[in-house]
Amino acid sequence: MTEWDIKKLRILRTLNERGTVTATAEALLMTPSAVSQQLSNLAKQLGVQLLEAHGRRVRLTDAAYLVLRHAEAVFAQLESADAELTGYLRGEAGEVRVGAFSTAVPALVVPAVQHLRTVHPALEVRVREAEAAEAYALLADGEVDLALSLAAHAPTARDPRFSRVPLLTDPLDVALPAGHPMAAVAGLRLADLSGEPWIFGGSGPWSEITLAACEAAGFVPEQAHSAAGWTAILAMVEAGMGVALVPRMAAAERRTGVVMRVLSADQPRRHVVAAVRRGAEEGRAVARVLGALREVAAARSPR
């Protein structure tokens with residue numbers, strides 16, 4: 001029977017994800033020569049060629065992709081076994097590390113943690129704020145157990161590493177200065193603001209969301225100012241420096257000099273999802289955190 005070495009299979013998977021032996025070595029805190037040696041030993045154990053030269057680099061062979069396809073099922077089963085064993089040993093106790101983007105922390109994660117402290121006081125949740133795209137990298141690297149992100153920045157549902165759970169659809173409202181002529185216009189549409197100066201991040205998810213929403217409405221927004229945090233963005237809106245799209249989950253940041261308008265027919269939305277490493281959702285601690293997040297998300301969703 002062919003010998004399957006889990007440690008070496010993880011090295012092969014990391015090489016597939018990172019692209020180079022050097023990047024794989026850095027990710028696994030190994031030397032490049034150790035990575036190459038481990039993969040060479042794995043190829044001998046399996047009796048197939050796993051790597052082939054491609055210029056000055058190497059690439060995976062078809063046999064390597066076949067091995068990885070089956071290895072992902074093994075990794076998922078190991079995650080499931082580890083989750084089940086942890087639940088058995090710890091009972092109601094345990095620790096779940098959650099990575100979440102900025103607006104999800106106060107809107108979803110904090111209420112969920114508060115609820116869990118009441119019903120499962122021995123369950124500890126550790127929260128780490130991360131950009132939407134970064135949350136999946138943390139999950140893949142084992143640095144968090146559950147990631148909250150945006151569907152637009154998530155791997156596809158076919159990615160064998162993760163199980164994804166849709167949480168809610170978050171509408172985007174437009175923030176206007178209190179005295180703005182459009183602040184009281186009935187049936188306001190995003191296209192009505194095409195000539196306004198806009199405030200959004202210079203790069204990253206929020207820049208992409210704003211640009212995509214405006215382009216879908218038929219115009220390219222003129223970026224007057226750049227900011228990443230809602231406190232800064234809304235302060236500039238209040239000062240009459242421009243308008244901005246704001247997720248409803250960020251409603252706690254509202255200011256008295258800002259009018260939030262629900263857009264009419266062309267209201268953009270973003271989709272919030274939770275993800276765990278495939279198989280880990282069977283662990284009781286992770287399942288409880290997911291359940292609490294679902295309850296909070298359901299309470300926030302429009303009826």
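Source: prediction; values computed, not measured. Computation of the quantities below employed the complete heavy-atom set of this structure, encompassing side-chain atoms and omitting hydrogens, waters and symmetry-equivalent molecules. Residue indices begin at 1 and follow the sequence shown.
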- Inter-residue atom distance Ser149.OG - Arg164.CZ, 0.5 Å rounding: 9.0 Å
- Candidate pair Val35 and Leu15, rule side chain to side chain contact (heavy atoms under 4.5 Å, CB included), full reasoning: CA-CA 9 Å; Val35 168; Leu15 176 60; 5.8 Å; no
- Are Leu78 and Ile6 close enough, and set up right, to give a side chain to side chain contact (heavy atoms under 4.5 Å, CB included), and what steps lead you there? CA-CA 10 Å; Leu78 288 174; Ile6 298 300; 4.0 Å; yes
- Message: Using modelled atom types and a 3.5 Å cut-off, is there a donor and acceptor pairing between side-chain atoms of Trp198 and backbone atoms of Leu245?
- Response: no
- Quick one: sort the Tyr136 and Phe162 rings into parallel, tilted or perpendicular, breaks at 30° and 60°. perpendicular
- Partners of Asp141 by side-chain hydrogen bond (donor to acceptor under 3.5 Å, both in side chains), sequence neighbours excluded? Arg18
- Message: Any salt bridge linking Glu72 with Arg278? Criterion: basic side-chain nitrogen under 4.0 Å from a carboxylate oxygen.
- Response: no
- Task: Begin with the C-alpha distance, continue with both residues' side-chain angles, and end with the deciding distance and a verdict on side chain to side chain contact (heavy atoms under 4.5 Å, CB included) for Arg128 and Leu138.
- Result: CA-CA 10 Å; Arg128 177 171 176 176; Leu138 294 173; 3.6 Å; yes
- Item | Test item: side-chain donor near acceptor, Thr20 and Thr22, under 3.5 Å | no
- Message: Please check: side-chain N/O of Glu238 versus main-chain N/O of Gly257, any donor-acceptor pairing under 3.5 Å?
- Response: yes
- Message: Applying the side chain to side chain contact (heavy atoms under 4.5 Å, CB included) criterion to Val289, which one of Asp145, Val96, Val109 satisfies it?
- Response: Val96
- Query: What do the steps show when you test Leu12 against Leu60 for side chain to side chain contact (heavy atoms under 4.5 Å, CB included), and what is the final call?
  - Reply: CA-CA 9 Å; Leu12 182 63; Leu60 274 63; 4.2 Å; yes
- Under a 4.0 Å N-O cut-off, is there an ion pair linking Arg126 with Glu95? yes
- Query: Roughly how far apart are Leu9 CG and His70 NE2, rounded to 0.5 Å?
  - Reply: 12.0 Å
- If every non-hydrogen atom of Val296 is compared with every non-hydrogen atom of Ala112, which pair is closest and at what distance? CG2-N, 3.7 Å
- Stacked cation flag Arg277 on Phe75, 6.0 angstrom / 45 deg: no
- Message: Check whether Ser36 reaches the backbone of Pro32 with its side chain - one donor and one acceptor, N or O, closer than 3.5 Å.
- Response: yes
- Query: What about Ile233 and Val259, same hydrophobic cluster or not, with Ile/Leu/Val/Met/Phe/Trp/Tyr joined at side-chain heavy-atom distances under 4.5 Å?
  - Reply: no
- Message: Please say yes or no: joined through hydrophobic side-chain contacts below 4.5 Å, possibly via intermediate residues, are Met182 and Val262 part of one cluster?
- Response: no
- Message: Using every non-hydrogen atom in the two residues, find where Ala135 and Val144 come nearest and quote the distance to one decimal.
- Response: O-CG2, 4.2 Å
- Arg261 side-chain N/O to Ala183 backbone N/O, donor-acceptor pair under 3.5 Å: yes
- Nearest heavy atoms of Pro171 and Arg269, plus distance in Å: CA-CG, 3.9 Å
- Mind checking whether Leu50 and Leu66 sit in one hydrophobic cluster, side chains of I, L, V, M, F, W, Y counted as touching below 4.5 Å? no
- Just one of Thr103, Asp173, Asp170, Thr169 clears the side-chain hydrogen bond (donor to acceptor under 3.5 Å, both in side chains) bar with Arg248, so which one? Asp173
- Looking only at atom types and distance, does a side-chain atom of Thr210 sit under 3.5 Å from a main-chain N or O of Phe200, one as donor and one as acceptor? no
- Message: Within the structure provided, determine whether Leu108 and Arg300 are in side-chain contact (heavy-atom separation under 4.5 Å).
- Response: yes
- Task: Quick one: closest heavy-atom pair of Gln223 and Gly201, and the distance?
- Result: NE2-O, 3.2 Å
- Residues at least two apart in sequence or cross-chain that pass salt bridge (Lys or Arg N to Asp or Glu O under 4.0 Å) with Arg59, listed by chain then number, are Glu52
- Query: Who passes salt bridge (Lys or Arg N to Asp or Glu O under 4.0 Å) against Glu134, sequence neighbours left out?
  - Reply: none
- Message: Looking at Val125, is its backbone amide N or carbonyl O close enough to the side chain of Arg97 to form a donor-acceptor pair, meaning the two atoms are under 3.5 Å apart?
- Response: no
